[in-house]
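Report on the structure given below.
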Amino acid sequence: MTKFMGIAIKEAQKGITLNDGGPFGAVISRKGKIISQGHNEVLKMNDPTCHAEIVAIRKACKKLKRFGLSDCEIYSTCEPCPMCFAAIRWAKIQKLSFGCTRKDAAKIGFDDEFIYDLIKGEKKDKKFKIIKTNRKNCLVPFKNWELKENKKLY
């Protein structure tokens, strides 16, 4: 086991002990040093986005004072859910190491398979509606962004 995964496991245990959320921990490292670490804080923060990976990414970005983490690696105790995987990619992290699989997570009540199925278009959610509306009005800020000369892409 790597040093960083060991710390991620300790973070997961810490979250369980504090009743902050599920049994998930994450560590972000850069050049062999820990930049940030976090555990699931969904219950603590009353925020469904406070997964361990998101918490660690937020802390790393704050510490490094930048939104890009392309020179960092992330270690997670579990295969990231779709939200966390997207955040890892948006942060441009180049390497992900994880322990448990999404099937392991599903066995203990953390099942995201329906999200994967929705993304792939294999299932519909009758309780969730998607409505496309007001495109013309919403295109105004898009056009303003397109014309902006001093924009910074990310």
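The figures that follow rest on heavy atoms only: side chains count, while hydrogens, waters and symmetry mates do not.
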**Message:** Within the structure provided, determine whether Arg58 and Cys50 are in side-chain contact (heavy-atom separation under 4.5 Å).
**Reply:** yes
**Prompt:** Under a 4.5 Å cut-off applied to non-hydrogen side-chain atoms, are Pro23 and Asn40 in contact?
**Reply:** no
**Asked** Do Trp145 and Lys151 come within less than 4.5 Å of each other through their side chains, counting heavy atoms only?
**Response** yes
**Asked** Side chains of Asn19 and Leu43: closer than 4.5 Å at any heavy-atom pair?
**Response** no
**Request:** Identify the two heavy atoms, one from Cys81 and one from Asp112, that lie closest to each other, and give their separation to 0.1 Å.
**Result:** CB-OD2, 3.1 Å
**Request:** Flag yes if Phe98 and Leu69 sit in one hydrophobic cluster, no otherwise; membership is Ile, Leu, Val, Met, Phe, Trp, Tyr, and two members link when side-chain heavy atoms are under 4.5 Å apart.
**Result:** yes
**Message:** Between Glu73 (side chain only) and Lys95 (backbone N and O only), is there a donor and an acceptor less than 3.5 Å apart?
**Reply:** no
**Request:** Report the residue from Glu11, His51, Glu53 that forms a side chain to side chain donor-acceptor pair (under 3.5 Å) with Ser76.
**Result:** Glu53
**Request:** Take the angle between the ring planes of Phe4 and Tyr75 and call it parallel below 30°, perpendicular above 60°, tilted in between.
**Result:** tilted
**Request:** For a side chain to side chain contact (heavy atoms under 4.5 Å, CB included) with Asp125, tell me which candidate from Leu118, Asp117, Ile115 qualifies.
**Result:** Leu118
**Message:** Is the shortest side-chain heavy-atom distance between Pro82 and Ile119 below 4.5 Å?
**Reply:** yes
**Asked** Among Leu139, Asn134, Val140, whose side chain to side chain contact (heavy atoms under 4.5 Å, CB included) with Asn137 holds?
**Response** Asn134
**Item:** Nearest-0.5 Å distance, CG of residue Asp71 to CD of residue Gln94
**Value:** 9.0 Å
**Message:** Are the side chains of Thr2 and Ser97 in contact, using a 4.5 Å heavy-atom criterion?
**Reply:** no
**Message:** Do His39 and Asp20 make a side-chain contact, defined as non-hydrogen atoms from C-beta onward lying under 4.5 Å apart?
**Reply:** yes
**Heavy-atom check, side chain of Cys72 versus side chain of Leu64, under 4.5 Å** = yes
